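Computed from a predicted model, the values in this text were never measured in an experiment. Below, chain A is the first sequence line, B the second, and so on; all start at residue 1.
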Amino acid sequence: MLVRTRFAPSPTGYLHIGGVRTALFNWLFARQHGGQFLLRVDDTDQERNVEAALAPILAGFRWLGLDWDEGPEVGGPYPPYYQSQRSAKYQAGVDQLLASGAAYRDFATTDEIQAEREAAQQSGQQFTYSRRRMATTDVEAAKFVAEGRQAVVRLMMPRAGELVINDLIRGQVVFPWAGEQDHVVQRADGTCLYHLASVVDDHDMQISHVIRAEEHLSNTPRQIFIAQQLGYPLPQYAHLPYVAEPGSKNKLSKRKLDKYLKNKDFAQLKEHGERVAQRMGWEVNSEVFNPVIVDFYEHIGFLPDAILNYLLLLGWSLDDKTEEFTREEMIRDFSLERVNKAPASFDPQKLMAFQDRAMQKLPLKQKVARVLPFLQTAGLVSTPPPCDTGPYLSQIVEAAGDRIKIGGDILDYTDFFVPDSELPYDEKTLDKRLRNAPGARELLSDFRERLATIENFDAATLEHVLKEFVDQRGIKISDLVHAVRVTVTGKPVGFGLFETMAILGRECCLSRIDIALAK
RNA sequence: GGCCCCUUCGUCUAGUGGUUAGGACACCGGCCUUUCACGCCGGCAACGCGGGUUCGAGCCCCGCAGGGGUCACCA
């Protein structure tokens, strides 16, 4: 069988991390089976600006490398891929449902329905619509119209028996038909609702596997009813557990940012991102700049592979130890059978661990390429970069080692890029290591003179010279190192001091020491 | 509330009747060390509860509890 899966985003303006996982599983399944993965825009309820609201979502997919075979911008054999443009197909479905008696025109007002619902609730009964305003003939319909009523189209749902769904993840799930409502499939204005549209589209587009989040499980009976009544063969269903909030089992949603920020790890991740954003001079809008949204990761320099790898393991595993997967391995090893049933909480720390691992595995050249755009955005390196930037940056990135976990972390080391006169100093550290440390100035001043005469200004020589220098004076390395560090970098922490100095060069180091001594 | 789903360390998970219940992240200790970040070594830590079935149950059955999803003329 040809495998065709789909992801159907609503044009909301952002791509949710939970949605990405659903999309990833669909994509992997299709790729594994040599099938197609498509994108279909669920904009039945959207007014305008669909393109604008869709752009960030498509951009997110592109960034992650989740390519779609059919859908917006790429087209395909079953266009259009926007639900708002497929109303004729839905109308045909509604007509067929009506003609076969699987649906009926209902003239009840929303108030009337609401009253019935409340009455049922009060008497402790399950609500079942009385179908009092159902019109099965044109004569009945005309009578209701004469009363000034308008019709919606409702499903004539079965009220006895049960439906057995064989879900690829959850196994057999049984629903009593009596629990289902006569759902509306078409509004009085002729527009159709999601369930009808979704079923019609999935059939038209030859979707073989509907892989979606668990919250759709209870929608499935009505969709199966529609499909059956329309004479469609049923797709296979697979309901994934949803992605839960950090430290809880509630579904992760974009709206509850404030609540998540009370979670230490989540807040830490957001702060990490904000630090990068601030250094690039961005106004941070927490609506958008938010670890629940994929853009966040792109903007601060996460690796798409790391995110995908993390998401893959959120609800799926191959065995008891394999954690790292390349794209090819993911495609090869993924299986719906091994998807978990229980919801999995989003763990920012573990995501970061995957990111760190992926980043450290990158060849130096690629790491440099990942980091450079952040320096350019921050205005520290021009675009295009001067030709000596490559070698210089390479030295820095190499010396930084695993301190750079995300691309934006390079902005923790701006001291390599600012002119000596503009180097900001951490005042507290300057106090501690230079101003208030007895004899520090003299020591530093002496060391400066020694530095001026070093023949090779490289890390090995610097280390040797400094050690010799402190030995001669009978002092500890730490008595001098900290003062030198704050002097040449402005900061209390950084990477290897000798590497740092070698990269900065003699002229720069001497100049910075002079500036600091004058403070 | 009805219906449906779920339940192994704090978190992600392995486990399909006999295991010292394994791994990863986090956490805690130690080592390394000029700071930071790594790295290395060690440690803490779980089968929701109650009944069955069985020689034997994390694995099978029943009940309970807890958590969650869903009950729209939203998607």
Side-chain angles (χ1 to χ4, degrees), chain A residues 8-12 42-46 83 106 108-110 113-114 117 120-121 124-127 150 152-154 165 167 169-170 173-176 178-181 183-189 191-195 197-198 213-221 239 241-242 244 246-251 264-265 310 313-324 338 340-354 356 360 400-405 409 412 429 433 463 466-467 470 476-486 489 491-498:
Chain A
S10 263
T12 50
D42 267 9
D43 58 348
T44 51
D45 199 38
Q46 221 70 23
Q83 293 196 319
D106 180 50
T109 64
T110 41
I113 296 284
Q114 189 54 30
R117 186 174 282 127
Q121 209 159 47
Q125 303 269 302
Q126 198 194 325
F127 168 62
Q150 286 189 314
V152 297
V153 176
R154 283 184 189 278
I165 299 173
D167 190 280
I169 292 170
R170 329 200 82 86
V173 184
V174 181
F175 289 92
E180 296 298 313
Q181 300 299 323
H183 300 282
V184 174
V185 290
Q186 186 176 40
R187 301 183 181 94
D189 67 4
T191 57
C192 290
L193 267 13
Y194 166 75
H195 295 294
S198 177
E214 181 191 345
E215 62 249 41
H216 287 286
L217 184 56
S218 40
N219 295 331
T220 309
H239 287 93
Y242 56 86
S248 118
K249 288 297 177 202
N250 290 20
K251 196 172 86 177
K264 188 176 107 280
D265 302 333
Y310 171 71
L313 274 309
L314 204 54
W316 178 87
S317 65
L318 176 65
D319 54 31
D320 58 341
K321 38 183 65 87
T322 315
E323 288 228 309
E324 289 185 52
R338 289 194 63 85
N340 261 306
K341 293 178 182 170
S345 332
F346 176 72
D347 182 349
Q349 280 185 312
K350 191 145 187 175
L351 205 208
M352 188 53 99
F354 275 94
D356 191 7
Q360 305 327 324
D402 46 35
R403 292 169 186 83
I404 293 177
K405 311 216 177 289
D409 281 346
D412 281 339
T429 308
R433 301 296 184 190
E463 179 164 10
L466 185 134
K467 281 185 173 155
V470 298
K476 292 184 306 225
I477 285 181
S478 58
D479 292 334
L480 179 57
V481 152
H482 298 296
V484 177
R485 179 185 297 284
V486 68
T489 69
K491 295 182 306 190
V493 298
F495 32 86
L497 180 62
F498 307 115

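The same atom, C1', is picked in B:U20 and in B:A65; the two are 31 Å apart, to the nearest Å. Across B:C12 and B:A72, the matching P atoms stand 31 Å from one another, rounded to whole Å. Taking atom C1' in both B:U8 and B:A45, one finds a spacing of 12 Å when rounded to whole Å. Comparing the same atom, P, in B:C25 and in B:U19 gives a spacing of 28 Å after rounding to whole Å. Look at the P atom in both B:C38 and B:A26: the space between them is 8 Å, to the nearest Å. The separation of B:U54 from B:G2, taken at their C1' atoms, amounts to 38 Å, rounded to a whole angstrom. Nucleotides B:A46 and B:G69, compared at atom P, are 28 Å apart to the nearest Å. For the C1' atoms, the distance linking B:C41 with B:G48 amounts to 35 Å, nearest Å.
A:F354 and A:E323 make their closest contact through CE2-O, 3.4 Å (heavy atoms, listed as atom of the first residue, atom of the second, distance). In terms of heavy-atom proximity, A:S345 sits nearest to A:S248 at OG-O, 3.2 Å. Nearest heavy atoms, A:F175 versus A:L217: CZ-O, 3.7 Å. Among all heavy-atom pairs drawn from A:Q126 and A:G179, the shortest one is NE2-CA, 3.1 Å. The heavy-atom pair separating A:E214 from A:H239 by the smallest distance is CA-CB, 4.2 Å.
Place A:G247 and A:Q126 on RNA chain B by their nearest nucleotides, and A:Q126 ends up nearer the 5' end. Each of A:F175 and A:L314 lies near RNA chain B, and the nucleotide nearest A:F175 is the one positioned closer to the 5' end.
Side-chain contact between A:D106 and A:I113 is present, with at least one heavy-atom pair separated by less than 4.5 Å. Counting heavy atoms from C-beta on, the side chains of A:K476 and A:V470 never come closer than 4.5 Å.
One atom, NZ of A:K341, and another, P of B:U13, lie 14 Å apart when rounded to the nearest Å. The distance from atom CH2 of A:W316 to atom P of B:A14 is 10 Å, rounded to the nearest whole Å. Whole-Å rounding puts the A:Y310 OH to B:U11 P distance at 12 Å. Atoms CD (A:Q121) and P (B:G2) sit 12 Å apart, rounded to a whole Å. Rounded to whole Å, the distance from NZ on A:K491 to C1' on B:A37 is 12 Å. Rounded to a whole Å, the CG atom of A:D479 is 13 Å from the P atom of B:U35.
Applying the Watson-Crick and G-U wobble criteria (two distances, each under 3.5 Å), B:C27 pairs with B:G43. Of the nucleotides present, none pairs with B:U20 by Watson-Crick or G-U wobble criteria with both distances under 3.5 Å. Pair check for B:U7 finds B:A65; Watson-Crick or G-U wobble, both atom distances under 3.5 Å. Under the Watson-Crick or G-U wobble criterion, with both distances below 3.5 Å, B:C71 is paired with B:G1.
Residue A:K405 is in sugar-phosphate contact alone, with no base atom involved, counting any heavy-atom pair closer than 4.0 Å across all strands shown. Note on A:G494: a base of the nucleic acid sits closer than 4.0 angstrom, heavy atoms only. No engagement by A:V484 is indicated, since no non-hydrogen atom pair under 4.0 Å with the nucleic acid exists.
No side-chain N or O of A:D43 forms a donor-acceptor pair with one of A:Q83 less than 3.5 Å apart. A donor and an acceptor atom, one from each side chain of A:T429 and A:H482, are nowhere located under 3.5 Å apart.
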Per-nucleotide protein contact string for nucleotides 18-34 of chain B, where B marks a base within reach and S marks sugar-phosphate only (heavy atoms under 4.0 Å, - for neither): ----BBBSS-------B
Per-nucleotide protein contact string for nucleotides 67-75 of chain B (B base, S sugar-phosphate only, - none; heavy atom under 4.0 Å): SSSS-SBSB
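In this structure A:Q121 satisfies the side chain to side chain contact (heavy atoms under 4.5 Å, CB included) test with no other residue, sequence neighbours excluded.
You'll find a donor-acceptor pair under 3.5 Å spanning the side chain of A:R403 and the base of B:C36, going by distance alone.
Ring pair A:H216/A:Y194 is tilted by interplanar angle, where 30° to 60° counts as tilted.
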